[in-house]
Structures are given as structure tokens and as C-alpha cells.
Amino acid sequence: MKILVLNSGSSSLKYQVIDTSKGEALMRGIVDRIGMANSLLKQKRFDNDVVEVEDDIISHSVAIEKVLDLIIDKQHGVLMKINEIDAVGHRVVHGGEKFSRSVLINDKVIRAIEEYSEIAPLHNPYNLRGINAAIRALPKVPQVAVFDTAFHSSLPEEAFMFPIPYVFYEKYKIRRYGFHGTSHYYVSKRAAEILGRDINNFSVITCHLGNGASITAVKNGKSIETSLGFSTIAGLMMGTRCGDFDPAVILNIMEKEDLTIEQAVSLLTKHSGLLGVSGVSSDMREVQNAAKNGNKRAQLALKMFSYIIKKYIGSYSAVLGGADAIVFTAGIGENVPNIREWSVENLEYMGAELDKEKNNSCIGREMIVSKDESKVKIIVVPTNEELVIAEDVVKVIEEIDE
Amino acid sequence: MKVTRIGFYGIRNIGAGLVQTVVNKGLSAVVFENNSDIYHSALSIIEKNVDSEIEHWGLTSKDKKVMFSKIEHIDKFSDFAKYDIDIIVESVEEELSKKIEVATRIMSELNMNIPIILTSQTNMLKSIVDDMEGAKRTVNIHPVPSVPIYKIVELTRSLNTSEATMEIVRYFFEKLDIKPVEIEDGCGIVGPRILISTVLEACDMMRDSNIQPSDFDLIMKRGLKMYKGPLTMADEIGLDNIKIWIEELSKKDSSVYKVPQIIIDLIGKGHTGIKAGKGFLKYK
């Protein structure tokens, strides 16, 4: 099947056309600065044909029309006719407690996604814009919603509840939802395949380390604990997001610096993490360079980044009753050997022994980087969220056909 | 509906805050202001506000760079024709005659069928556009400056304002993440009238009981849960503008609205508020 995968943000639209029979992307692209002057569309085809278009793209509807035009463009396209698209898969960030798996989009699903906009105001409304625009542009093509939270719907109650008055869960559904679900699902499944293990008898800790980052404990194919919570700023230290720390600190800073809620949110989401500690950048490469050149705060930021990952790995090993594998994925997880090394340093006691040579040689590719005798395997698995979305779309369509 | 580039006729009065709000949300601003000093003074107000937001963690230096790249200056009115603007916002002095002059010029000389947003704090929309041909494209607004970046705006339509205009204007505010509160046309809308009344009371109290401006603002902030003290807000708006607002309101009711001596004295010393580094309060 040919699946169009869409990831719609507030002013951007990422897309891929995936041929699920080969498991490959035929093209991928992004429309940036939607609704602003000088929007930019960048697209790369499987054969490295690149196209860039600058235009005023005033809405997600116009963006999708442009994307569809390019998909069937004689020079840069990959399809002859638009009706070759069998279905559209939409990444939807929040599926709340209602969606534990991907679903065919209908009015009821749209209303539910709208409802969850209240707890995901920065994501769901924009995901919906993409959905509505795609339905208008391709009214006869099935549209499927794939939720970032769905994989974590298996979290047990003691893991998803917060130790605050229960009434807030009842009134506002405040609880841990977890995110990056498609990535954790894909790499945990792939790790089991690489090791020749049955996913239903396999415990793995998956570390998704990108600009946003999270760790998940996956037991027998199900997420049982995850570091992102109600929002996307919990858990690990990230590029500009703080991760976990004493909640009294922010209240204290708000009072001392006379901050509004918006300013406090911006402090935690845009000024913290690697950027906040190093004062250099939110980009791991720039922080690494500064650290190499002797910048003490950059060195501290890197130490903290890895130390917090290690703390989570230890804690999730306890949650799992011991892990069979630790997986690193996403930009930093796939490409930064020293962060992987520091994150598993001194974990030999739990059976995780890194092969430094293998680890240093592994950049952006699938590889086992632990010693052969390591009881807990350490694996690098490049993530592929779009492929998971496309495969889920196929599953949903096939179920309907049956 | 395309709303990506906003034209500004002038950048006086509350113009700087509006331009800041527009570019903060990723839209572009094309500003016609033929007085270079006024334009640069407004830019420096925006810069001070943005720097303060950075200092208070609300924005980043990168945000600042992007915001300023979205402001374009033109010094000829006819240059608007070179830009594909979607809405034009008037931001000139508060005098009624000036507002009428600008509204007339936009309607007669700008050959673009786009909404016109006026920003009179003290005059009725009807008294500005009355029976003008372009009245159907016109609304009046007042963004409430009680938060660092406007979150709420008072929006007035005339009997002639078309539903199509309202639709575009509502969409514009939705893009700015500002909630419009639609109120009936009147002499001065809620925010300015209440602010002016509070400033007048504050001036009376400073005269009678010698209370310090900083103490007055502290009581209002902590006691009445205002985000900013009213005197700080007046300093932000500019005491010269506040004086004009009071004078305009006094034309409707001179028994209530009279420019206090303390404001006349401050303006006389050049202490016009934040832009001068000193107004009711002192600024770094």
C-alpha cells in the first residue's frame, strides 16, 4: 500500500509517502512557517532529488494541496495519480485514556481528539488542522489516527497516577500519559527481532534521546513505565526542557522573580535543559564542542544529561525485575557514543557491559554495542516513527476490509 | 483566509505594543511612520519589552532576532501598495481630528479592500468613521495592557461594519491568541476608562496623602491582584498619551476628567514614562 503519513504542527506539516510493501519512504518533506509570510516547502525523494519552494502558504489546507501537487509532479513526484494513495496516517499526540490503539477517523474520533485539546493545547488542535485539511483534500481516502500516547495505555495505575490529591485525576484527568509511543514501540520490537527473542518474553529499557527525550520500560511488548508524564517536560533533561526536579523550585522562582505562568512555562520549556545549564546551546553537538574546549558548564550539562539517563535506567531495571536489553535511539541516542557510554557506565553490576570500541564505531546505524558476554544487551536502533504509523494504517484498513 | 502581513499606519500611542504582539506570533508588520525619531523610539520600546521578557524567561534571544526581522519600515504611505498586507491598523495620536484624517486617507488612498482597525481609546467609532464609504471595513480596538503580551482586546463595531470584516478581524485575533471581547460603541472602552479613573484617583491620593507611586502600585498589585500597577501601566503607555486620553475624555465629561497637576509637571520635566526612563516611577 502507498500511505501518506502526516505530522501536523502549529506552523509546520511534515510528510512522507511510504510504500509499506517495501517498508520504505518514497519521499519525505516539510512545509514550514504555515500561516506566515515566506513559507518554505522542502522535499527529498528516495533518489535524492531535492525540491524547495518558497511561497505564502496560508493554511494547512493550502499546504496539503501543495504537497499533493508535488507527490504527482512529473519532475519531482513519486506517483502518477493522487488516487494511488491508499490511505493517510496522521500522527496525533494525545489520545487520552480513550485510544489505546490506532483508529479510523470519523466524526466521533475527531470530537474525542478535540476534547483532548484541553490537556494537549499545544499539539492536538494543530494535529486536527492537518486531519481536517487532508479529509477535505482526499475525501474518499481512509484517514487513520495514530496516537503518541497509545503505546503507554498499558501503564499500570501505580505508574500513571501522581502522588497529589486524587480529585485532580477525577476532575481534570491529570495523570501520566507518556509520549514518543510509536518510537518506543518500534525500537523495542526491533530489538527483540535483532536478538532473536520473543517480544512476549522480553524486558527492555528504550532510551529515545532526541531534542525531546524519554525512557520507557517495556515488558513483554507493553509499556509499563515511562518518563514523560502529563506534559512533555517531565523525566529526562532535554535540549531546552528541564525534566524532573523538585516542584517547589519553580514556585519559589516564580515568587522571587515575579513571573507569570506563561513566563514560568517558557523558563521550563525553552530556557532549561542542555541550554539552561551549559549556557551554550540546546544542540548536543555544540555543547559537546564547547565541553571539548574546556567550557565547564558545558561539561556539567553533559554529565547531568548522562547521569539522569543512568538513574532512570537503574530505576526501570528495578521496575522490570531486570532488563534483557537497553536500546538507544533518536538523534542523540543513535549518533553520540560518549553519551551512551556515560549513561551505562558502572552498570556492570546489573549485567550491562559496553564494548567501547563497538560503541565508538556506531553512528546512526543498527548495532549491538555491548560485549558479547554482556547479560544485558546494549543496542542502537534507528527509530522510524513514520513506518510504524504507515504499518498501523495498513492494519486498521485490513481489519475494516475483513 | 490569509492574514500574514499587517500594515500599521503610525506606531504611536499603543502601536509599539501592537507591533510587538503581531511579530511575536510570527506575522509580519509593515510600519508606515514618516517621523524617524518616533519610529526608532517605538522600536526601542519594543526592544526594552522584549529584553525584559528575555530577562523574565518569557522569550529567548533567538525569538528576539526573529521578531525584529519581521518588522519593515516604510516612510511613504504609497509604499503600502508594494506589500501584500491583509489588514491595516491605525496607530496615531489620540486626537479625534487626527483619527478622522487618517481613516479618511486610508479609505480614499489605499486601494485595498482590507479591514481597517482603529485604535481610539476615548472616541466612539461612529464619531470617527460616521457615514464614510469604508465604514463597513472598520472596527475599533483596545488591547488591555495588564499582561506582558496582550491576551485580551476590547472590540467595537459600528452599525455599518460588515460581517465579513468581523470574520477576518476575529480570525486575526485568534492567530494572535488574543480573546476579543465585543462591546458596544461608546466614549472610551473599558480598559482605558478604568485605567484613567484609577490614575486620576492615584494622583489625588499622592497630592492629599503623599503616598509614593511605588507603594500605590504595590497595594494595587498585591491587594487587587493586578499583574502590573496602574501607574506602571500609565508609564508604559506614556504620560503624554495619558494626558491626551484624559483631554479627549474631558470633552465628554469635564467634571470627571481633568489632567492632574502632577502629570502636567512630570511631562514638563520630560518625565513621560518608560521611554524617558522616568515617569511616575524610575526605570533602569
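Letters go in sequence order (proteins before strands), and every chain restarts at 1. These numbers come from the heavy atoms of this one structure, side chains and all, not from hydrogens, waters or symmetry mates.
- Along residues 69-84 of chain B, the residues that come nearer than 4.5 angstrom to chain A, judged on non-hydrogen atoms, are B:Lys70 in order of number.
- Counting non-hydrogen atoms of other residues, nucleotides and ligands closer than 6.0 Å to OH of A:Tyr172 gives a total of 12 or fewer.
- Inter-residue side-chain proximity for A:Val62 and B:Lys2 is flagged as unmet; no heavy-atom pair is nearer than 4.5 Å.
- Few gaps surround CD on B:Glu182; more than 12 heavy atoms of other groups in view lie less than 6.0 Å from it.
- Taking OG of A:Ser11 as the start and NZ of B:Lys175 as the end, the distance is 9.5 Å to the nearest 0.5 Å.
- Between B:His56 and A:Glu257, the shortest heavy-atom contact is CD2-O, 3.4 Å.
- In terms of the side-chain contact (heavy atoms from CB on, under 4.5 Å) criterion, residue partners of B:Thr138 (sequence neighbours excluded) are, by chain and number, B:Met107, B:Ile116, B:Leu118, B:Leu125, B:Val129.
- Atom CZ of B:Arg170 has more than 12 heavy atoms from other residues, nucleotides or ligands within 6.0 Å.
- Enclosure of atom CG in B:Asn111 is not indicated, since only 12 or fewer non-hydrogen atoms of other residues, nucleotides or ligands lie within 6.0 angstrom.
- Of the options A:Leu268, A:Thr260, A:Val265, A:Leu259, a side chain to side chain contact (heavy atoms under 4.5 Å, CB included) to B:Trp57 is made by A:Leu259 and by none of the others.
- A:Ser266 approaches B:Gly58 most closely through the heavy-atom pair OG-O, 3.0 Å.
- Scanning for side-chain contact (heavy atoms from CB on, under 4.5 Å) contacts around B:Ala276 gives B:Thr272, with sequence neighbours left out.
- Expressed to the nearest 0.5 Å, how far OG1 of A:Thr240 lies from NZ of B:Lys62 amounts to 9.5 Å.
- The interface of residues 269-280 of chain A with chain B, defined by heavy-atom distances below 4.5 Å, comprises A:Lys270, A:His271.
- Around NZ of B:Lys48, the count of heavy atoms belonging to other residues, nucleotides or ligands within 6.0 Å exceeds 12.
- Looking at B:Ser28, only its side chain comes within 4.5 Å of chain A, counting heavy atoms on both sides.
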